[in-house]
J.: 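Here it is: the structure, laid out below.
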Amino acid sequence: MALMLIDYYKAIEDSSRKMLDAALEDDWHQVGGFEDACGVLIEQLRQKSRDEVLSPELRAEKTRILRRILNNDAQIRCLAKPWSMYCAPHAGNSRQVLH
């Protein structure tokens with residue numbers, strides 16, 4: 001069965017969560033592996049998005065997924081660079097406004 005466009009977003013979210021888990025365990029080699037997997041998935045998503053359009057319901061789900069991915073990414077960045085000024089205002093803040 002072929003994957004639907006939303007499935008790629010879900011797979012990227014799953015990989016980003018695994019990246020965060022690896023970062024929390026201080027396993028940066030594994031973080032890099034999941035980052036590479038995300039890159040492959042993103043390229044596949046780009047290809048798939050040329051042929052498929054999400055319904056309004058799936059666009060809303062995509063938005064929720066992207067927010068979780070961004071939150072995971074922010075936490076990973078804080079773990080990678082704890083001295084960064086970026087961490088203080090954003091760490092663990094999943095209710096931030098996205099433009």
J.: So how far is it from Arg68 CZ to Leu20 CG, rounded to the nearest 0.5 Å?
T.: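 Nearest 0.5 Å value for the CZ-CG distance: 13.5 Å.
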J.: Is the shortest side-chain heavy-atom distance between Leu58 and Met4 below 4.5 Å?
T.: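 The answer is yes, as the side chains (C-beta and beyond) meet within the 4.5 Å cut-off.
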J.: Do Tyr9 and Leu54 touch side chain to side chain, with heavy atoms closer than 4.5 Å?
T.: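 Yes, close enough: below the 4.5 Å cut-off.
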J.: Nearest 0.5 Å, please: how far is CD in Glu13 from CG in Leu70?
T.: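 Leu70 CG to Glu13 CD: 11.0 Å, rounded to 0.5 Å.
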J.: Which pairs would a plain distance check flag for residues 25-40, meaning a side-chain donor or acceptor within less than 3.5 Å of a matching protein atom at least two apart in sequence or in another chain?
T.:
| residue | atom | partner | partner atom | Å |
| --- | --- | --- | --- | --- |
| Asp26 | OD1 | Trp28 | NE1 | 2.5 |
| Asp27 | OD1 | Gln30 | N | 3.1 |

J.: With side chain to side chain contact (heavy atoms under 4.5 Å, CB included) as the test, pick out the partner of Ile6 among Arg59, Glu52, Lys62.
T.: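 Filter result, single survivor: Lys62.
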J.: Would you call Asp14-Lys10 a salt bridge at under 4.0 Å N-O?
T.: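 Lys10 and Asp14: not salt-bridged.
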J.: Tell me, please, which residues at least two apart from Asp51 pass side chain to side chain donor-acceptor pair (under 3.5 Å).
T.: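 So Asp51 forms no side chain to side chain donor-acceptor pair (under 3.5 Å) with any residue.
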J.: Hey, are the side chains of Leu5 and Val53 touching, using non-hydrogen atoms and a 4.5 Å cut-off?
T.: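 Not touching, per the 4.5 Å side-chain cut-off.
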J.: Side chain of Ser15, backbone of Ile12: donor and acceptor closer than 3.5 Å?
T.: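 Such a contact is absent between Ser15 side chain and Ile12 backbone.
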J.: What closest approach, in Å, do Ile76 and Ser16 show between heavy atoms, and which atom pair accounts for it?
T.: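 Closest pair (atom of Ile76, atom of Ser16, distance): CD1-O, 4.0 Å.
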J.: Just wondering, do Lys48 and Leu45 contact through their side chains at under 4.5 Å, heavy atoms?
T.: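 Contact flag for Leu45/Lys48 side chains = no.
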J.: Can you name the side-chain contact (heavy atoms from CB on, under 4.5 Å) partners of Arg46, sequence neighbours left out?
T.: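 Arg46: side-chain contact (heavy atoms from CB on, under 4.5 Å) contacts with Ile42, Glu43.
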J.: Is Glu61 close to Glu57 at the side-chain level, that is, under 4.5 Å between some pair of heavy atoms?
T.: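 No; the side chains remain at least 4.5 Å from each other.
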J.: With the side chain counted from C-beta on, respond yes when Asn72 and Met19 share a heavy-atom pair under 4.5 Å apart, and no when they do not.
T.: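 A side-chain contact under 4.5 Å is absent here.
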